[in-house]
Amino acid sequence: MKATSRLFSLKTGLGMLAVAAAFTGSSAMAAEPAEKPSVVIVHGAFADGSDWAKVIPLLQAKGIKVTAVQNPLTSLADDVAAAKRAIDNQPGKVVLVGHSWGGTVITEAGNNDKVASLVYVAAFAPDAGQATGDLGKDLPVPPGIAKLSVDKAGFASLPPAALAADFAQDAPAKQAAVMAATQGPIALKAFGDKVETPAWKTRPSWYIVSKNDRMIQPDLERAFAKQINAKTTELPTSHVPQQSRPADVAKVILDAVAATR
């Protein structure tokens, strides 16, 4: 009788331990949700990482790790290398965002196993063998591009008046003045560098069209969005919606984050 009682107690104890272990394990799994992807942002020409200062806090408030790449703007290869370093430093999956010239950069740099999706913001999206300078030649030259100033070293920038009128015409004058002072000039030769392998062919993409863009023709942006089969949002903004409509831009990026598994 005593032996039977001891056997019953042993079986009961083992059963309770198994239940406790299962409960503890399921609780641990519930307490550790899948890690959110990081967001890596690649700025365009005539700008730097501070161009995204209004969007970054909105993403961080959602618990997202954000890195803004500081492009050298010396060549496509150099900018791709800078973006890839930032991507490699992320803990897991990445939503890669590119603005303007940064779209060409993410098109190439996005060929990384960590990159889950791409977000183009008023950006170029070349196909294989295309250079940025080849795009939109059948359309009128955008007003801002016609006002570029090129120095003796072959680097292009926007005069302050042109930046205020054609790059960020919906930004306050004081803000546009700061943007002019912090802009990164780009080596003109970079616009002749060709994309080899477009990442948008193998990854889901989002695209923001700036309907009042004076740096890239809005119709060209729409053509890019269609070509890459992107989920498309149109905003009534200048070339820099991240400055004038940061919440709307953040929403698109958050949609891409939410879609990443």
Side-chain angles (χ1 to χ4, degrees), residues 26 28-44 47-71 76 79-126 195-210 221 224-225 227-233 235 240-243 245-261:
S26 62
M29 286 188 289
E32 295 178 9
E35 187 176 18
K36 292 179 182 178
S38 303
V39 171
V40 173
I41 299 172
V42 180
H43 68 78
D48 69 358
S50 67
D51 205 35
W52 287 82
K54 294 182 179 180
V55 174
I56 291 171
L58 301 178
L59 302 177
Q60 291 175 331
K62 299 294 185 179
I64 297 169
K65 183 178 185 292
V66 185
T67 299
V69 180
Q70 297 291 357
N71 297 332
L76 177 58
D79 285 5
V80 167
K84 284 184 173 179
R85 286 195 299 274
I87 294 165
D88 288 339
N89 286 334
Q90 304 310 309
K93 293 183 179 180
V94 170
V95 172
L96 188 58
V97 182
H99 171 243
S100 191
W101 157 257
T104 299
V105 178
I106 71 169
T107 296
E108 192 69 65
N111 294 295
N112 183 302
D113 290 342
K114 286 188 174 183
V115 176
S117 56
L118 307 169
V119 179
Y120 291 81
V121 180
F124 295 104
V195 165
E196 294 181 3
T197 307
W200 52 258
K201 289 191 174 182
T202 55
R203 288 159 177 80
S205 298
W206 281 253
Y207 198 106
I208 295 176
V209 173
S210 289
E221 294 178 10
F224 290 142
Q227 172 180 263
I228 68 178
N229 194 30
K231 297 176 180 66
T232 305
T233 298
L235 297 176
V240 284
Q242 66 270 28
Q243 292 279 3
R245 299 283 287 267
D248 291 324
V249 174
K251 183 181 183 301
V252 174
I253 297 172
L254 290 170
D255 286 346
V257 168
T260 300
R261 297 289 184 266

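Residues passing the side-chain contact (heavy atoms from CB on, under 4.5 Å) test with T197 are E108, N111, sequence neighbours excluded. For D88, the side chain to side chain donor-acceptor pair (under 3.5 Å) criterion is met by N112, not counting sequence neighbours. In terms of the side chain to side chain donor-acceptor pair (under 3.5 Å) criterion, W52 has no residue partners (sequence neighbours excluded). Listed by chain and number, the residues in a side chain to side chain donor-acceptor pair (under 3.5 Å) with R203 amount to none (sequence neighbours excluded). Taking the side chain to side chain donor-acceptor pair (under 3.5 Å) definition, one finds that N89 meets it with nothing, sequence neighbours left out. By the side-chain contact (heavy atoms from CB on, under 4.5 Å) test, A68 is found to be paired with I56, residues two or more places apart in sequence or in another chain being considered. The side-chain contact (heavy atoms from CB on, under 4.5 Å) check on A122 picks up H99, S210, D213, E221, H239, with sequence neighbours excluded. With sequence neighbours excluded, the residues forming a salt bridge (charged side-chain N to carboxylate O under 4.0 Å, His left out) with K251 are D255, listed by chain and number. Remark: S38 engages K65, Q90, P91 in a side-chain contact (heavy atoms from CB on, under 4.5 Å) (not counting sequence neighbours).
The two residues Y207 and I228 come nearest to each other via the heavy atoms CD1-CD1, 4.1 Å. Contact between A199 and I106 at its shortest, heavy atoms only, is CB-O, 4.0 Å. Closest non-hydrogen pair, P126 versus W200, comes out as O-NE1, 2.9 Å. Looking at every heavy atom in both residues, L235 comes nearest to P241 through CD1-CB, 4.1 Å. Nearest approach of A83 to A109, heavy atoms of both residues: CB-CB, 3.8 Å.
Checked by atom type and distance alone, the side chain of Q227 pairs as donor or acceptor with a backbone atom of A125 at under 3.5 Å. Within the 3.5 Å criterion, the main-chain N or O of N71 finds a donor-acceptor partner in the side chain of H43. Judged by distance alone, with hydrogens and angles left aside, the side-chain atoms of T232 form a donor-acceptor pair with the main-chain N or O of A230 at under 3.5 Å. A donor-acceptor pair under 3.5 Å links the side-chain atoms of K36 to the main chain of K62, judged by distance alone.
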>> Run the side-chain contact (heavy atoms from CB on, under 4.5 Å) test on L59 and I253 for me, step by step, so that the C-alpha distance in whole Å, both residues' side-chain angles and the decisive distance to 0.1 Å come before the verdict.
In response: CA-CA 8 Å; L59 302 177; I253 297 172; 4.0 Å; yes
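Here the CZ-CD1 distance, from R245 to I208, works out to 10.5 Å after rounding to the nearest 0.5 Å.
The environment of Q60 atom CD is dense: over 12 non-hydrogen atoms of other residues, nucleotides or ligands sit within 6.0 angstrom.
Using a 4.5 Å heavy-atom cutoff, the side chains of T233 and V209 are not in contact. Using a 4.5 Å cut-off on side-chain heavy atoms (C-beta onward), V94 and P37 make no contact. Residues V40 and V97 are not in side-chain contact: their nearest non-hydrogen atoms beyond the backbone lie 4.5 Å or more apart. Contact annotation: the side chain of I41 never approaches that of V69 to less than 4.5 Å [non-hydrogen atoms, C-beta and beyond]. A heavy-atom distance below 4.5 Å is not found between the side chains of V119 and L96. Counting heavy atoms from C-beta outward, L58 and L254 have side chains that stay 4.5 Å or more apart. Between L76 and V195 the shortest side-chain heavy-atom distance falls below 4.5 Å.
Side chain to side chain, D51 and Q243 meet the donor-acceptor criterion of an N or O pair below 3.5 Å. Side chains of W101 and D79: a donor on one and an acceptor on the other come within 3.5 Å.
Among residues at least two apart or in separate chains, side-chain hydrogen bond (donor to acceptor under 3.5 Å, both in side chains) pairs with a member in residues 114-124 are T107-Y120.
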